[in-house]
Protein chains: 2
Amino acid sequence: MAGNTDSERRPDLAAMMVPLGRALVAAELPVLREHGLAMWAYAVLLGLDDEPVHTQAALARDIGADKTRIIGVLDDLEERGLIHRQPDPRDRRARLLSLTAEGRRVRDTVQSAIQEREERLLARLPEEDRRGFLRALQTLAAMPRAEITGEPGPS
Amino acid sequence: MAGNTDSERRPDLAAMMVPLGRALVAAELPVLREHGLAMWAYAVLLGLDDEPVHTQAALARDIGADKTRIIGVLDDLEERGLIHRQPDPRDRRARLLSLTAEGRRVRDTVQSAIQEREERLLARLPEEDRRGFLRALQTLAAMPRAEITGEPGPS
DNA sequence: TATTGTTATACTCTATAACTATA
DNA sequence: TATAGTTATAGAGTATAACAATA
């Protein structure tokens, strides 16, 4: 009646995903520290990846942070010349955000190092599982949060 | 040189896994609340699943918690008759932990409800991806943490 | 001396509220 | 009045340190 025979029983998805996510983050930290980046700083660099401009609140929302929390991060990244932050001439309340050339270089270097480590981990999986895993993970990660939680979401 | 052609570029694993894990947890919370369980209480019930006995420190380590943090949880679960906690006669420092019949019932009920929701989510993936995803996820989740972080781990 | 469970404390991360400047 | 950015404050969650009982 529970829908699961004993043979196909598995741990809950969250019970597997959360500790695994923590371990992956822990694996990233030494790489980030080598380049003087904290986790949120790296998230900001990734968040500015495609979109060359932004507003701080939108960037915060995109990377799952609070707008008040990334201010210090932006201050630091700007001071180090990794991002530009200039007032929007058309709405002087807003700040336009973009990566500098150096910021782009750092992002690429760090991301390559991180994904190299990840590839070594993924290489230990059977090829068929590996492909399905990556495709499914990207599909699920791209879903709006509300579709996963089942809640109507922030209206 | 970076090992990735532009066509196969993907987000970092952690960048997908962590928000997805958070969303899955958020999806569990309403189910847990229906049964008066907090997240760590559910983790304890799951941690006592196979092993009928334990010591509190070992249980905490197994579920990725601090030994000081689950004490209140154990107090509550014991008071509600979901677990037994009795001094080990052979080492009176330790407490033997086990599920009561009611604790087992609650755990099964809650886990079934949670996994039903999860199955509805997984049903939206192509069958081939879904199988590989689950197999790979279980493989990775079963790995010792040190194999993922690359660190020597707590010696 | 070392370990189990416990309590008390400190620290980190995150969320909320309040202020300014623009609109 | 409403919004973007900022600052200050409060809260939740987590880790660290210190203690009593037992080994």
Side-chain angles (χ1 to χ4, degrees), chain A residues 14 18-19 21-23 25-26 28-29 32-33 37-44 47-48 51 53-79 83-98 145 153-154, chain B residues 14 18-19 21-23 25-26 28-29 32-33 37-44 47-48 51 53-79 83-98 145 151 153-155:
Chain A
V18 171
R22 275 200 249 266
V25 166
E28 287 189 6
L29 287 181
L32 293 176
R33 279 189 43 178
L37 290 179
M39 182 56 72
W40 281 117
Y42 181 54
V44 163
L48 292 176
E51 296 122 279
V53 296
H54 247 304
T55 148
Q56 291 185 190
L59 172 63
R61 183 171 32 74
D62 285 357
I63 66 178
D66 198 279
K67 68 173 179 176
T68 66
R69 225 163 55 213
I70 64 170
I71 292 178
V73 177
L74 295 175
D75 290 346
D76 177 58
L77 289 175
E78 185 183 25
E79 203 171 309
I83 65 169
H84 276 129
R85 177 162 59 162
Q86 41 191 196
D88 184 341
R90 283 173 302 185
D91 182 348
R92 297 217 306 278
R93 293 174 302 181
R95 309 269 179 280
L96 273 71
L97 302 172
S98 57
R145 181 186 160 96
Chain B
V18 171
R22 276 200 248 267
V25 167
E28 287 189 5
L29 287 180
L32 294 176
R33 279 189 42 177
L37 289 179
M39 183 56 71
W40 281 117
Y42 180 54
V44 164
L48 291 177
E51 296 122 279
V53 297
H54 248 302
T55 147
Q56 292 186 190
L59 172 63
R61 184 171 31 73
D62 285 357
I63 66 178
D66 197 280
K67 67 172 179 175
T68 66
R69 224 163 57 215
I70 64 170
I71 292 178
V73 177
L74 294 174
D75 289 345
D76 178 57
L77 290 175
E78 186 183 24
E79 203 171 309
I83 65 169
H84 276 130
R85 178 163 56 163
Q86 42 191 194
D88 184 341
R90 283 174 302 185
D91 181 349
R92 297 216 307 277
R93 293 175 302 181
R95 308 268 179 281
L96 273 68
L97 302 172
S98 56
R145 182 187 160 94
E151 290 165 5
S155 62

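As a basis for the values below, the full set of heavy atoms in this structure was taken, side chains included, without hydrogen atoms, waters or symmetry mates. Bear in mind that the values here come from a model prediction, so they are computed numbers and not experimental data. All chains are named by letter (A, B, ...) in the order of the sequence lines, taking the proteins before the strands, and each is independently numbered beginning at 1.
- Residues L97(A) and H84(A) fail the side-chain proximity criterion, which asks for heavy atoms closer than 4.5 Å.
- Looking at T55(A) and L96(A), their side chains never come closer than 4.5 Å, going by heavy atoms from C-beta outward.
- Partners of A38(A) under the side-chain contact (heavy atoms from CB on, under 4.5 Å) rule, at least two apart in sequence or in another chain, do not exist in this structure.
- Considering only residues two or more places apart in sequence or on other chains, D88(B) meets the salt bridge (Lys or Arg N to Asp or Glu O under 4.0 Å) condition with none of them.
- Between atom OH of residue Y42(A) and atom CG of residue L37(A) there is a gap of 9.0 Å, rounded to the nearest 0.5 Å.
- For R95(B) and dA21(D), the CZ to P distance is 12 Å, given to the nearest whole Å.
- Taking atom CD of Q86(B) as the reference point, atom C1' of dT4(C) lies 16 Å away to the nearest angstrom.
- Put simply, CD1 on I63(B) is 14 Å from C1' on dT14(D), counting in whole angstrom units.
- Between the CG atom of L29(B) and the C1' atom of dA12(D) there is a distance of 14 Å, rounded to whole Å.
- Of the candidates dG5(D), dG5(C), dT6(D), the closest approach to any side-chain atom of T55(A) belongs to dG5(D).
- Atom pair L74(A):CG and dG5(D):C1' shows a separation of 10 Å (rounding to whole Å applied).
- Atom-to-atom distance recorded for S98(A):OG and Q86(A):CD is 6.0 Å, nearest 0.5 angstrom.
- In this structure, CD1 of I71(B) is placed 13 Å from P of dT4(C), rounded to the nearest angstrom.
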Going 5' to 3' through nucleotides 13-23 of chain C and flagging B where a protein heavy-atom sits under 4.0 Å of the base, S where only the sugar-phosphate is that close, and - otherwise, we get -SSBB----BS
